[in-house]
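Notes to accompany the following structure.
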Amino acid sequence: MTGAPRAALVEVRRLTGPNVLLDGAGAVADVVFGAEPGDAVVEAWRAAARRILDAVGWGGEATAVRRVPGGASLAISAPIDALYAACDVGAWAWEAALGAVRGAPPADVAAAAARL
């Protein structure tokens with residue numbers, strides 16, 4: 001069976017200091033859009049990232065996006081002592097964004113925040 005390529009999370013990693021996306025520490029998710037509309041996915045990711053950052057008490061943290069052909073690097077700033085958790089926060093935001101773009105019910109941010 002063939003079909004359009006699916007959007008995917010390629011890698012999530014810690015950013016331990018200033019980098020091309022952020023002025024300080026955080027986490028970045030490298031993604032490919034596949035057949036998903038890139039602009040819609042990025043905007044949905046920004047919204048999901050903001051919701052989960054606020055829910056885990058990181059309301060002062062920022063998001064950043066670097067578009068590349070067919071995908072993007074999606075970054076969130078985070079406290080230096082919580083970078084592994086920041087990777088999970090960024091990955092959750094990606095999955096929530098894909099669900100939103102695909103018309104799924106909104107992701108349960110309260111349950112995710114409690115788990116994270």
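Just the heavy atoms: all of them, side chains too, but no hydrogens, waters or symmetry mates, feed the values below.
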Salt bridge (charged side-chain N to carboxylate O under 4.0 Å, His left out) partners of residues 66-76, not counting sequence neighbours, each pair once: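 Residue pairs passing salt bridge (charged side-chain N to carboxylate O under 4.0 Å, His left out), neighbours aside: Asp39-Arg67.
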When the side chains of residues 91-106 are checked against the rest of the protein, which donor-acceptor pairs come out under 3.5 Å, sequence neighbours left out?
unit_1 : atom_1 : unit_2 : atom_2 : d
Arg102 : NE     : Glu36  : OE2    : 2.8
Arg102 : NH2    : Glu36  : OE2    : 3.1

Listed pairs under 3.5 Å, donor-acceptor, residues 77-84 side chains, sequence neighbours left out:
unit_1 : atom_1 : unit_2 : atom_2 : d
Ser77  : OG     : Glu61  : OE1    : 2.5
Ser77  : OG     : Ala62  : N      : 2.7

Selection residues 104-116 - residue pairs positive for side-chain hydrogen bond (donor to acceptor under 3.5 Å, both in side chains), sequence neighbours left out: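 The answer is none; no pair qualifies.
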Qualifying side-chain hydrogen bond (donor to acceptor under 3.5 Å, both in side chains) pairs, either residue in residues 22-33, two or more places apart: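 As it turns out, the side-chain hydrogen bond (donor to acceptor under 3.5 Å, both in side chains) pairs with a partner in residues 22-33, which skip direct neighbours, are Arg13-Asp30, Asp30-Ser73.
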Should [X] and [Y] be counted in the same cluster of Ile, Leu, Val, Met, Phe, Trp and Tyr side chains packed under 4.5 Å apart?
X      : Y     : value
Val109 : Leu74 : yes
Leu21  : Trp45 : no
Leu9   : Val42 : yes
Leu53  : Val41 : yes
Phe33  : Val28 : no

Other ILVMFWY residues reachable from Val10 by side-chain steps of under 4.5 Å: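 Noted: Val10 shares its cluster with Val32.
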Closest non-hydrogen atom pair, [X] against [Y]:
X     : Y     : result
Thr63 : Arg46 : OG1-NH1, 3.5 Å
Gly24 : Asn19 : O-ND2, 3.3 Å
Ala86 : Ile76 : O-CD1, 3.5 Å
Gly26 : Leu22 : CA-CD1, 4.1 Å

Side-chain donor/acceptor of Arg50 to backbone N/O of Gly59, under 3.5 Å: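 Checked: pair present.
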Minimum side-chain heavy-atom gap Val89-Trp58 below 4.5 Å: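 A side-chain contact under 4.5 Å exists here.
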